[in-house]
Amino acid sequence: MDNDYQFFIDKVKKKTRIDLSQYKEKQMKRRLTSLSVKNGFSSLKSFYEQMEKDKALMDKFLSHMTINVSEFYRNRRQWDILAKDILPSMTENQKNIKIWSAACSTGEEPYSLATLLHPYKKSIAVSLMATDIDSMVLEQAKLGLYSEKSLKELRKEEVDRYFINSGSSYQIDSKYKQMVSFKKHDLLEGTYGTDFDLIVCRNVLIYFTEEAKEKVFRKFSDSLRKGGILFLGTTERINNPQQYGLKPIQSFFFEKV
Ligand SMILES: C[S@@+](CC[C@H](N)C(=O)[O-])C[C@H]1O[C@@H](n2cnc3c(N)ncnc32)[C@H](O)[C@@H]1O
């Protein structure tokens, strides 16, 4: 690792507790270097020194660490499997269901879950927690305002049912909004909850080193109740899921055994 990058990640860790060494180095270095060059700095050291004095620049760095892009029902096929094959049996004869959308970005993922879970609310208590490391995306998520781009996987009647449309913006209906509680959480540092029926973590693990991913899978497994499900993104795979007590049941769905 070169000194400039090492200096940057050491300082960031001290200041924010964010551990960039657990992200793939080449990718992270490229993203940070390009951001610092774009902002007129010749080294990551000078970029960091300015960041210490300039909160807006620090926020910019936090939002550029990884990509924040999301969508409702992203990779629709998997959401259809969740709706048709997984949720009906998961909710059967249950009094409550506990769900975590980890690395939820601007809220499309937890609100997608809310739309699927809402019909069950008559007979079951639904707890839906959504977390991300980036406070700014969480603020956006709480607003629940989207452009058409985020809704491209949805059918027209779903858009009409789930949103209030005004001009080019779409406001998620308050009945879904109030189902989700948003919280800041770092998957690499924070403690995890327990007894989850479903953990959804998509399109973030791809940024982590193999060792970091292993730790996260172990912690997800410990957080699930027996029979609970881990739902991953289509870019993610688990090598040898049995080592974590997880069993593949469909593509990108794993059951805690
Ligand atoms: C590409 S988005 C994924 C959003 C959503 N899960 C989806 O699949 O559409 C990646 C998110 O991971 C978040 N993230 C990056 N590192 C994280 C960490 N260590 N802990 C929690 N969230 C993290 C980023 O802030 C970003 O919002």
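In each ligand, atom 1 is the first atom listed, and ligand 1 is the first ligand listed. Not measured: the values here are computed from a predicted model.
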Any Arg74 heavy atom less than 4.0 Å to ligand 1: yes

Gln22 touching ligand 1 at heavy-atom level, < 4.0 angstrom: no

Which of the numbered atoms in ligand 1 are under 4.0 angstrom from any heavy atom belonging to [X]?
{"X": "Ser105", "answer": "4 (C), 27 (O)"}
{"X": "Val204", "answer": "12 (O), 14 (N), 15 (C), 16 (N), 23 (C)"}
{"X": "Phe208", "answer": "19 (N)"}
{"X": "Asp186", "answer": "18 (C), 19 (N), 20 (N)"}
{"X": "Glu109", "answer": "5 (C), 6 (N), 7 (C), 8 (O)"}
{"X": "Ile133", "answer": "14 (N), 15 (C), 16 (N), 17 (C), 18 (C), 19 (N), 20 (N), 21 (C), 22 (N), 23 (C), 25 (O)"}

[X], portion touching ligand 1 at heavy-atom distance under 4.0 Å:
{"X": "Tyr23", "answer": "side chain"}
{"X": "His185", "answer": "backbone"}
{"X": "Arg202", "answer": "both"}
{"X": "Phe72", "answer": "neither"}

Classify the angle between the aromatic ring planes of [X] and [Y] as parallel (below 30°), tilted (30 to 60°) or perpendicular (above 60°).
{"X": "Tyr73", "Y": "Trp79", "value": "parallel"}
{"X": "Tyr192", "Y": "Phe220", "value": "tilted"}
{"X": "Phe8", "Y": "Phe47", "value": "parallel"}

Strictly by modelled atom types, are [X] and [Y] linked by a side-chain donor-acceptor pair under 3.5 Å?
{"X": "Gln22", "Y": "Asp19", "result": "yes"}
{"X": "Thr66", "Y": "Tyr23", "result": "no"}
{"X": "Thr106", "Y": "Glu108", "result": "yes"}

Shortest heavy-atom approach to atom 26 (C) of ligand 1 - which of Asn68, Val200, Leu205: Asn68

Nearest option to atom 1 (C) of ligand 1, as decided by whichever heavy atom of Asp134, Ile67, Leu187, Leu138 sits closest: Ile67

Of the protein's non-hydrogen atoms, which lies at the shortest distance from [atom], and what is that distance?
{"atom": "atom 24 (C) of ligand 1", "value": "Thr66 OG1, 3.1 Å"}
{"atom": "atom 9 (O) of ligand 1", "value": "Ser70 OG, 2.5 Å"}
{"atom": "atom 13 (C) of ligand 1", "value": "Asp132 OD2, 3.3 Å"}
{"atom": "atom 8 (O) of ligand 1", "value": "Asn203 ND2, 2.7 Å"}

Polar proximity ligand 1 side, Ala103 side, N/O cut 3.5 Å exclusive: yes

Under 3.5 Å: N/O of Tyr207 near N/O of ligand 1: no

salt_bridge(Glu49, Lys45) N-O dist < 4.0 Å: yes

Lys14/Asp10 salt bridge by N-O under 4.0 Å criterion: no

Near-ring test Phe72/Tyr146, centroid separation under 6.0 angstrom: yes

Pairwise distance CD(Glu52) to CE(Met58) - rounded to 0.5 angstrom: 6.5 Å

Exercise: identify the closest heavy-atom pair between Tyr170 and Ser147: CD1-C, 4.3 Å

Considering all heavy atoms, the nearest Asn75-Glu153 contact: N-OE2, 3.5 Å

